[in-house]
Amino acid sequence: MKRIVTVQDISCLGKCSLTVALPIISAMGTEAVILPTAVLSTHTMFSGFTCKDLSDQIDPIADHWAKEGFTFDAIYTGYLASAPQIGQMIAFFERFGKSCLKVVDPAMGDNGKLYPAFDAAFAKEMAKLCAKADIVMPNLTEACFMLDLPYTEEPSRDFVYEVLKKMTELGAKKALLTGVGFEDDKLGVVGYDSEKNEYFEYFNQKVPAKYHGTGDIFSSCVVGGLMAGKSLEQASAIAADFTREAIRLTLEDKGEHYYGVHFEQVIPQLVGRLAQ
Ligand code: PXL
């Protein structure tokens, strides 16, 4: 069985980060080891959230794992709680990532803004972690902050291609830009493989709603798909369909905006699709 380690926070309530990565990756047939970056009462879109930064646990946990000789098929990082954790992750990559896939979702913003805990300097640091990854999966907001490019709600295909190319010029071999579309009623993902110099894209009919945690659901599903032997292009399509279906189901349930999406109900479908 494949084993990955995912490095993100635990938001106790408000489905995102580890509370979605763990069930999704497990359901997709891969062991998901976790390295929590922080424990929060909720994700940071609720006001008054508590946050216990776990930076001081990261190195002792890694030391123990190294002593035991544990290895991983992939390292997948998501929401990091503070800038020093970025340096800790670069060291973690050097220690455990020499011969495994390194995937970075630089979870730090959306809709043209960074999340409350972050600033432009954090985004610049995050670009250094992206440089060490094999695959990076930012949304347009995150990519623009890392690359110092102006964010736009309606990017052209040329701009998306430029952003993807620049993301790989930081150092990653492949980049996926999530949550983009070139037509009003379509939403999906555009990818770039710098070794082949090839772009690919996958779009769905847009569901007219935005929910929290959908980026984490998408990324977890991509990682699960890759570990199940799918190509990045196939895994992106599976993840896009899964995320869209979870959003669609949530839309039927009014007033659920901040609580995350009903991804649980789509897991049987996801497992069936993987077997195809
Ligand atoms: O879904 C990204 C995410 C993860 N973790 C925490 C967050 C957010 C987005 O706001 O607040 C704590």
Side-chain angles (χ1 to χ4, degrees), residues 2 4 6 20-21 23-30 32 73-74 76 78 101-107 110 133-140 142-143 155 157 160-161 163-165 167-168 172-211 213-251 261-276:
K2 292 268 170 70
I4 66 114
T6 182
V20 305
I24 291 171
I25 293 167
S26 300
M28 294 176 88
T30 288
D73 294 291
Y76 156 38
L101 187 73
K102 295 173 286 298
V103 181
V104 172
D105 176 349
D110 209 356
D134 298 300
I135 302 174
V136 292
M137 302 192 276
N139 59 32
L140 191 59
E142 292 154 350
R157 184 177 263 102
V160 164
Y161 280 12
V163 167
L164 282 165
K165 197 158 201 181
M167 280 309 308
T168 60
K173 294 179 195 73
K174 297 178 188 178
L176 277 186
L177 206 56
T178 59
V180 287
F182 305 122
E183 290 166 61
D184 286 350
D185 60 342
K186 298 274 183 343
L187 196 70
V189 52
V190 185
Y192 177 62
D193 180 331
S194 67
E195 289 174 328
K196 294 187 188 151
N197 191 26
E198 275 173 15
Y199 292 91
F200 62 86
E201 56 189 45
Y202 183 81
F203 298 110
N204 269 317
Q205 202 65 27
K206 192 184 211 165
V207 181
K210 283 209 166 212
Y211 292 106
T214 49
D216 301 341
I217 288 174
F218 177 89
S219 298
S220 300
C221 199
V222 169
V223 171
L226 291 171
M227 289 298 108
K230 305 291 179 192
S231 67
L232 183 60
E233 196 167 347
Q234 289 167 330
S236 302
I238 291 169
D241 290 349
F242 178 67
T243 310
R244 180 190 182 274
E245 186 57 9
I247 294 171
R248 196 189 64 75
L249 285 172
T250 314
L251 190 61
V261 292
H262 298 352
F263 75 93
E264 299 89 338
Q265 289 166 273
V266 200
I267 281 185
Q269 206 173 309
L270 173 66
V271 173
R273 170 113 180 243
L274 262 194
Q276 282 170 15

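Please read these numbers as outputs of a predicted model, since none were measured by experiment.
- In terms of heavy-atom proximity, P23 sits nearest to I267 at O-CD1, 4.4 Å.
- Between F203 and F182, the ring planes lie perpendicular to each other; the angle is over 60°, past the 30° to 60° tilted range.
- Using a 4.5 Å heavy-atom cutoff, the side chains of I135 and L226 are in contact.
- No hydrogens or angles considered: nothing links the side chains of Y199 and D193 as a donor-acceptor pair under 3.5 Å.
- At a threshold of 4.5 Å between non-hydrogen side-chain atoms, the residues E142 and D110 do not count as touching.
- Here the side chains of V261 and L249 are not in contact, with every heavy-atom distance at 4.5 Å or above.
- For the pair L101/M227, a side-chain contact is recorded, criterion being any heavy-atom separation below 4.5 Å from C-beta on.
- Looking at L176 and Y192, their side chains never come closer than 4.5 Å, going by heavy atoms from C-beta outward.
- Shown are I217, V207, V266; of these, the side-chain contact (heavy atoms from CB on, under 4.5 Å) with I247 is made only by V207.
- The side-chain heavy atoms of S236 and Y202, taken from C-beta on, include no pair separated by under 4.5 Å.
- M137 and V223 make their closest contact through CE-CG2, 4.3 Å (heavy atoms, listed as atom of the first residue, atom of the second, distance).
- Taking every heavy atom of both residues into account, A175 and L164 meet most closely at O-CD2, 3.4 Å.
- For the side chain to side chain donor-acceptor pair (under 3.5 Å) with S219, the qualifying choice from D105, T6, T243 is D105, the only one to do so.
- Heavy atoms only, all atoms of each residue included: D134 and K173 are closest at OD1-NZ, 2.6 Å.
- Remark: the backbone N or O of F242 is not paired with any side-chain donor or acceptor of E245 at under 3.5 angstrom.
- Using a 4.5 Å cut-off on side-chain heavy atoms (C-beta onward), L251 and Y211 make contact.
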- Item | Verdict with reasoning, D185 to K206, per salt bridge (Lys or Arg N to Asp or Glu O under 4.0 Å) | CA-CA 5 Å; D185 60 342; K206 192 184 211 165; over 6 Å; no
For K230 and I238: C-alpha separation, side-chain torsions, deciding distance, then whether side-chain contact (heavy atoms from CB on, under 4.5 Å) applies.
CA-CA 9 Å; K230 305 291 179 192; I238 291 169; 4.1 Å; yes
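- The shortest distance between side-chain heavy atoms of M28 and I24 falls below 4.5 Å.
- The closest donor-acceptor contact from the side chain of T178 to the backbone of V189 lies at 3.5 Å or more, if one exists at all.
- Formation of a donor-acceptor pair under 3.5 Å by the S231 side chain with backbone atoms of Q234 is found in this model.
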request  = Please assess F263 against V20 for the test side-chain contact (heavy atoms from CB on, under 4.5 Å), listing each intermediate value before the final yes or no.
outcome  = CA-CA 8 Å; F263 75 93; V20 305; 3.7 Å; yes
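- Atom-to-atom distance recorded for D241:CG and C221:SG is 9.0 Å, nearest 0.5 angstrom.
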Next on the checklist: Run E195 and K174 through salt bridge (Lys or Arg N to Asp or Glu O under 4.0 Å) and show every step you take.
Outcome noted: CA-CA 8 Å; E195 289 174 328; K174 297 178 188 178; 5.8 Å; no
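- Residue Y76 comes nearest to S220 through the heavy atom pair OH-OG, 3.2 Å, listed as atom of the first residue, atom of the second, then distance.
- For the pair L177 and A143, the tightest heavy-atom approach, listed with the atom from each and the gap, is CD1-CB, 4.0 Å.
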